[in-house]
Amino acid sequence: MGTWTGKSFVKVIDHSPEDLMVLLERSTALKAQKRAGTEQQHLVGKNIALLFEKTSTRTRAAFEVAAYDQGAHVTYMDPSGSQMGHKESIADTARVIGRMYDAIQYRGSTQENVETLAASAGVPVYNGLTNEWHPTQMLGDFLTMSEHAPKPLNEVSFAFVGDGRFNMGRSLTVMGALMGCDVRMVGPSALMPPAEVVDAARAIAATTGGTVALTEDLDAGVAGADFVHTDVWVSMGEPKEVWAERAEELGDYRVTSAVMGLAGPGAKFMHCLPAFHDANTTVGAEIAAATGYEDGLEVSHDVFESAASVVFDQAENRMHTIKALMVETLSG
Ligand code: CP
Ligand code: NVA
C-alpha cells in the first residue's frame, strides 16, 4: 500500500509536502515512460466517473487520456447528463456512483460539494476545480516549475498577479507554501486571497522555509521572480456584469512585456488557461470591445506567445500529473 492508496484529493492543504512530492516524482517518471514507449498499465479494469458541472477542455482531456493510457475506462457526465444536484443530492449521487466506479472526478461550484462526495462515495474523489480550489492544476503547475527552474522547488520564487480570491490564487498561495517557495501575491488589496487562507499558508511556510508576501506594488512583487503566474479576471460561474468592474480594478496588473522585464533573468510566464490574450474568441472579442484591451486582458498577446511562456508545457503536464494521481490512489 502506498501513502496515497484509496485517498481523495480535494485540496492541497490536506496533504503533506512529502506526499505531494510523491505525486510529482511519479508524474516525472510516467511522463518519461510515455515518451520512451515503456509505460506500464496499472489501472486495467478500473472505471472512473468524470462529473462536470462546469465546462472544461484540459481537465477532461487529461483525465480521459491518462485513464486510457493506463488501461482504465471513463464515463463523462455533464449537468444535463446526470440528476446530480437538481433531482438527487450530492450525497446520494456519491453513494450510487461509488458502488459502480473506482474513482470520481468532480468539477463544480462549491468546495462543499466535492467534500460531500469524498465523504460519501467510499472511493477516491478528485477535485477537478471548484470556486475555492484547483488541486490537480497545482500538480501540473509545480511539475512545470520544477522542469523549468534550474534549482529545487524550495528555492523557487513566483509572483501571482491578479485576482487572488479564486481557486488559482488561493491554491498557488497554499501550494507555494507547502513546497517552501517564495510566494508573492500581487494585486489590489481587495482581491487578495482570504485572510484564513493566507494565515494557513504562512503557518505552513514557517515549517517549510517558504514565505508568503502580499503586495499591491507590481514592480516590487514581480522583481526577481522566477515565474509570473496569472489567471482570468472573471472566473467560471461569475456573471458577465463583473467584467467592467474587474477590468477597472485589474487594469494596472496586466502581465505585459514590461512586467516580465521586472522578473528575474530567464523568468517564465504561466497561466492555467484558458487565457484572454487576444480578441480572437467570441467572448474575447466581446470583452475586448467592452474594456478596450485589444491585445489581451490578464496577459498581453506578446507575452503569451513569447519564448518565456510555458503555458502549453503546463497544459500538457495536467495529463501526466493527473495520471500519477490516479495511479497512486488506485493501485498498489
Ligand atoms: N486549466 C483548466 O482547468 O482548464 P480547463 O477549464 O480547460 O479544464
Ligand atoms: N479561475 C478560473 C480557472 C480556470 C481553470 C475559473 O475558475 O474559471
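Start at 1 and go down the list; that is how both ligands and their atoms are numbered.
- Cation-pi check for Arg60 over Phe52 is not met; the charged atom does not lie both under 6.0 angstrom from the ring centroid and within 45 degrees of its normal.
- Atoms of ligand 2 lying under 4.0 Å from at least one heavy atom of Val232, given by number and element, are 2 (C).
- With ligand atoms numbered from 1 in the order given, ligand 1 contributes 1 (N), 2 (C), 4 (O) to contacts under 4.0 Å with heavy atoms of Leu273.
- By the 3.5 Å distance cut-off applied to N or O atoms, Asp231 is counted among the residues near ligand 2.
- Between the side chains of Arg318 and Thr59, a donor-acceptor pair is found at a separation under 3.5 Å.
- Contacts of Ser235 with ligand 2, taken as heavy-atom pairs under 4.0 Å, involve both backbone and side chain.
- Ser300 and Asp302 share a side-chain donor-acceptor pair at under 3.5 Å.
- Below 3.5 Å of separation, one finds no N or O of Arg60 facing any N or O of ligand 1.
- Taking every heavy atom of Arg107 and a limit of under 4.0 angstrom, the matching atoms of ligand 1 come to 2 (C), 3 (O), 5 (P), 6 (O), 8 (O).
- Side chains of Thr144 and Asp313: a donor-acceptor N/O pair is absent below 3.5 angstrom, by distance only.
- The atoms of ligand 1 that sit less than 4.0 Å from any heavy atom of Thr57 are 5 (P), 7 (O), 8 (O).
- Atom 2 (C) of ligand 1 has as its closest protein heavy atom Arg318 NH1, 3.3 Å.
- Between His134 and ligand 2, a contact under 3.5 Å exists for no N or O pair.
- Between atom 4 (C) of ligand 2 and the options Thr55, Thr59, Leu129, Val234, the minimum heavy-atom separation is to Leu129.
- Using a 4.0 Å cutoff on heavy atoms, Leu273 counts as a contact of ligand 2.
- Scanning the protein heavy atoms around atom 4 (O) of ligand 1, the nearest turns out to be Arg58 NE, 2.8 Å.
- In this structure, a donor-acceptor pair under 3.5 Å is present between the side chains of Glu147 and Asn317.
- Of all atoms in ligand 1, numbered sequentially from 1 with element shown, those under 4.0 Å from a heavy atom of Cys272 are 1 (N).
- Annotation for Glu248: atom CD does not count as buried by contact number, only 12 or fewer foreign heavy atoms lying within 6.0 Å.
- Considering Asp141, Val183, Leu20 as possible partners of Met175, the one that fulfils the side chain to side chain contact (heavy atoms under 4.5 Å, CB included) test is Leu20.
- The single protein non-hydrogen atom nearest to atom 7 (O) of ligand 2 is Asn167 ND2, 2.9 Å, given as residue, atom name and distance.
- Between Lys323 and Glu39, at least one side-chain N (NZ, or NE/NH1/NH2) sits under 4.0 Å from a carboxylate O, which counts as a salt bridge.
- Residue contacts with ligand 1 include His134, since one or more of its heavy atoms lies under 4.0 Å from the ligand.
- No side-chain donor-acceptor contact under 3.5 Å links Arg107 to the backbone of Lys54.
- The six-membered or imidazole ring of Trp233 lies away from that of Phe276, with a centre-to-centre distance of 6.0 Å or more.
- Near Gln137, meaning under 4.0 Å from any of its heavy atoms, are these atoms of ligand 1: 1 (N), 2 (C), 3 (O).
- The shortest N or O to N or O distance between Met236 and ligand 2 is under 3.5 Å.
- Using a 3.5 Å distance cut-off with no hydrogens or angles, the side chains of Ser157 and Asp226 do pair a donor with an acceptor.
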